[in-house]
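What follows is a short report on a single structure.
As the structure is a computational prediction, the values presented were derived from the model and not from experiment. Numbers restart at 1 for each chain; the letters A, B, ... are given by sequence-line order, proteins then strands.
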2 protein chains.
Amino acid sequence: MKGVEPSINDVARAAGVSTATVSRALRGLPNVSAATAAKVTQVAEQLGYSASPAAVSLASGATRNIAIVCSQLNMWFTSNVCEAIVRAAQDEGFTASLLCLGKGSLHEAGAGQRRRVQAAKLRRRADAVIVVALPLLAGELAELQALNVPVVFVGPAVTGQACVHIDEYATAREATSYLLGRGHTTIAHLTGPADDDAEEGPPLLRLRGYVDALAAGGIEVDYELIAHCDYDREAARSAARDLLRTRPDTSAILGFSDVHAAGALAAAADLDLRVPADIAIVGIDGSELSEVLALTSLAQDPVLQGEAAVSLALDMLTGAPVPEQNVFPTTLIERASV
Amino acid sequence: MKGVEPSINDVARAAGVSTATVSRALRGLPNVSAATAAKVTQVAEQLGYSASPAAVSLASGATRNIAIVCSQLNMWFTSNVCEAIVRAAQDEGFTASLLCLGKGSLHEAGAGQRRRVQAAKLRRRADAVIVVALPLLAGELAELQALNVPVVFVGPAVTGQACVHIDEYATAREATSYLLGRGHTTIAHLTGPADDDAEEGPPLLRLRGYVDALAAGGIEVDYELIAHCDYDREAARSAARDLLRTRPDTSAILGFSDVHAAGALAAAADLDLRVPADIAIVGIDGSELSEVLALTSLAQDPVLQGEAAVSLALDMLTGAPVPEQNVFPTTLIERASV
DNA sequence: CTGTTAGCGCGTTCAC
DNA sequence: GTGAACGCGCTAACAG
C-alpha cells in the first residue's frame, strides 16, 4: 500500500546497524557476524526491501543486465535462442533487455535496410551483449567492441570473437551427401541471403559444404542449380519455382533453412511435382516447420546455443578465458520429404 | 579507446556552463537559450557523451524501460507481440526488458508449472509492465498492482485493467457460424488450456461463442464434441484423434488456435480422413502455420496489439485516461481446409 | 536564462 | 566485525 520503497537506510535503522553492514550482509560478504547477518536478512525481508537497481548500478558500475541484439523475434531460431538467453540470465540473477534491428513489420513504411547497431543505445546499459542471428554491417563490430563489455555472437560467426554456432560447412555437406547417398545427382541449393558484409557468413559456408559434397561425389557444380533468396517462404517459393522451371531435371533441393525448404515444397506443389517422388527436399534447422511439413532436416538446438552464450558472456565477465568458437552439433532428422 | 565515459561534468566544463544547464539543454527543456543549447549539444556530441541510465534513473525516479512479462517467446502470438513492443518502445526512447515465465524448455527438469510473477524482479526496474499472453495466477494481479506502475495486458483480458485483445467471443462465434453456413452441423471444438485462475479467459469466452453460434443455428451443444488441450500441436493431435474416434460423425473442427487446428489436421491424416472432404478444420490466429498448412483461420494482428499496448502504457504514464478494453478485429481468411 | 545546492540509494574505502 | 564518510552521475529545487 505504501508508495515508498524502503531503502537500505530503513533496513539499517530497523536492524540497528549501519548501511554498510546491511550492504555487506545482504550481499553475503564474509566480514559480517552470523548473528547480524541473520538479523539484517530478517529485517530486510520483513520490510520487503530490495536494492534499487539504479543505485546499485551507479555505485558498483555493473548493471546485472544482458543486452540481446537481434533482427526479428518472430523467427524460429531467434525466438528460441532469445528465450533461452532470457531464462538463463534470469537464473543467474541478470535481467535481459532486447533490441530488434530487423527490417521491421509490414506496417512500417520503407521496410528497407535494418537499423544499425548503435553503441549509444547499449552504453552503460548492459554488462554483456549477445548478438543473435544478425550478420554485422561494416563498423558495427568496432562499435560493439568500444562498449568494453563481453560480446557473444550466436549464429553467424565472427572471427576473433566469442561465438556460438553450428558447423555450417559440415552441416550443408552432410545434407548434400545424404541426398547423394539416396541416389540424387541433380541437387539444387536454395541458399540464403547474401550477408551484407560478412563474406564468411552461413550462406557462403553452407554453399561450400554443398559444393564440396558434390565434388566428393564426383559431381561438378552447376551454377544454374544454385538459387539465392531471403529468409522468407514466399521468396523461397518463387525462387524455387523459377529454378524448377529452368531446370526440370532437378531431383532434389537443399534449402538453406527450413523456411527455404518450405518454400521449395510449396513451389513443388505449384508445379504439380510430388514430394519425394518427383523431387526430394531437405532443410536445415529442425524447426517446428519441418515437423509440420514432414520435412527432412538437419536439426540444431537453439536453446543450447542461447544458454551457452549466456554462460560464455558471464565467464568473460569474470575475466575467465573462453573458447572463441563454440560449435554445436546438428543431427539429421529423416522425414517424408526425401 | 578511452575506457572512461565522459560525464555530464566533462560536458559542462568543456562547454563552459553548469551541469544543470547541460542537463536542461540535452533534454530540450524550454528554459535554455538557443545559443547555449546549440553549444552544449555540439560539445556533447563531440565528446560522445550520453547520460548514464543508472544516474538518470536514480535522480529522476524513472527508468525509461518497459518490462515485458510473457510465458514463452517461441509462440507465434507472443513473439510477434513482443517484437512489436520492443520496436515501439525503442521508437519512443524506451528500452524493453523481458521476463519469460513459461514452463520452460525441455532441457529443464520438471517442466511443471510456470514461474510466478515476482514483483521484486520488476520493482524499480520499469516504468510500465506489459503482460503478454499470460493468464494470471491467484495473487499475481495484486503483486503487479503493488508496483504502482501502469500495467497493460495483451491477450487474456483482465477486468478493470488496461487490456489489448480480440473479441474472443465474437471471433469463435463467427468461425462457428461460418462452418454452419457451409452446411456443417456436427461441429467439434478443440478448445484451449484451462486458464489456471482466470475463469473468463479466452478458452471459456471462445467456447461461449461456439455454443451460442450453434444455438443460433438451432443446434444443441454436444459435450462429447468438446475436447480440451494445451497449446501444443502433439497434444492437439492426440486430443483430436480421440475425439474423431469417439465421434466419427464429426464433420468439422474449430480449433482454439492455429496450433490446435494444425493438430486436428494431423489427426485427420492419422485417421485417413481427407480435409476438407471428410472433415473441415478452422483455426484462430492467422499465423504462418495457417498459411503453410492452408488452414482457414480467423486472423488477428499481434503487431498492432503490441504497438497499442506500448501506446497505452505510455499514455497511462502521463496520467492520461485510457480505455480499458482495447479490442482488435479478426478477419476470416478462407483457405483449403474448409 | 543560468548557476548552486541538495539529494536519489547504494557500494566502498577507510578508520575504529 | 562494524560504522562514518565519500562518491557514483544525474535531476530537481531554489536562487539569482
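Listed nucleotides: D:dT11, D:dG3, C:dG3. Nearest to the side chain of A:Ser18: D:dG3. Nearest nucleotide to the B:Arg124 side chain, out of C:dG3, D:dT2, C:dG9: C:dG9. Looking at the side chain of B:Asn31, the nearest of the listed nucleotides C:dC1, D:dT11, C:dG9 is C:dC1. Of the candidate nucleotides C:dC10, D:dT2, D:dC10, D:dT2 has the atom nearest to the side chain of A:Val32. Of the candidates D:dT2, C:dT4, C:dC8, D:dT2 carries the atom nearest the A:Ser33 side chain, counting heavy atoms from C-beta on. For B:Tyr49, the listed nucleotide lying nearest its side chain is D:dC10; candidates were D:dC10, C:dC10, C:dT2. Nearest to the side chain of A:Ser52, among D:dC10, C:dG9, C:dT2, sits C:dG9. Nearest nucleotide to the side chain of A:Ile8, out of C:dT2, D:dG3, C:dC10: C:dC10.
With rounding to whole Å, B:Leu29 atom CG is found 9 Å from D:dT11 atom P. Between the CD atom of B:Glu5 and the C1' atom of D:dG7 there is a distance of 18 Å, rounded to whole Å. Protein atom CZ of B:Arg13 is 19 Å distant from nucleotide atom P of C:dT2, rounded to whole Å. Across the protein-nucleic acid pair, A:Asp10 atom CG and C:dG9 atom P stand 9 Å apart, rounded to whole Å. Distance B:Arg27 CZ to D:dG9 C1': 13 Å, rounded to the nearest Å. Distance B:Asn9 CG to C:dT5 C1': 14 Å, rounded to the nearest Å. As rounded to whole Å, 13 Å separates atom C1' of D:dG9 from atom CG of B:Leu26.
Residue B:Ala51 is in sugar-phosphate contact alone, with no base atom involved, counting any heavy-atom pair closer than 4.0 Å across all strands shown. Here B:Arg24 lies in heavy-atom contact (under 4.0 Å) with a base. Using a 4.0 Å heavy-atom cutoff across all strands shown, B:Thr36 reaches sugar-phosphate atoms only and no base atom.
Considering all non-hydrogen atoms of both residues, B:Pro135 and B:Arg114 come closest at O-NH2, 2.9 Å. Counting all heavy atoms, side chain and backbone alike, B:Val303 lies closest to B:Asp301 at N-OD1, 2.9 Å.
Checked options B:Asp10, B:Val43, B:Val40, B:Ile8; the residue passing with B:Tyr49 is B:Ile8 (criterion: side chain to side chain contact (heavy atoms under 4.5 Å, CB included)).
Under 4.0 angstrom from either OP1 or OP2 of D:dT11 there lies no side-chain N or O belonging to B:Arg64.
For B:Arg115 (side chain) and B:Lys103 (main-chain N/O), no donor-acceptor pair under 3.5 Å exists by modelled atom type.
B:Asn80 places none of its side-chain heavy atoms less than 4.5 Å from the side chain of A:Leu73.
Sequence order on DNA chain C of the closest nucleotides to B:Ala20 and B:Leu58 puts B:Ala20 first from the 5' end.
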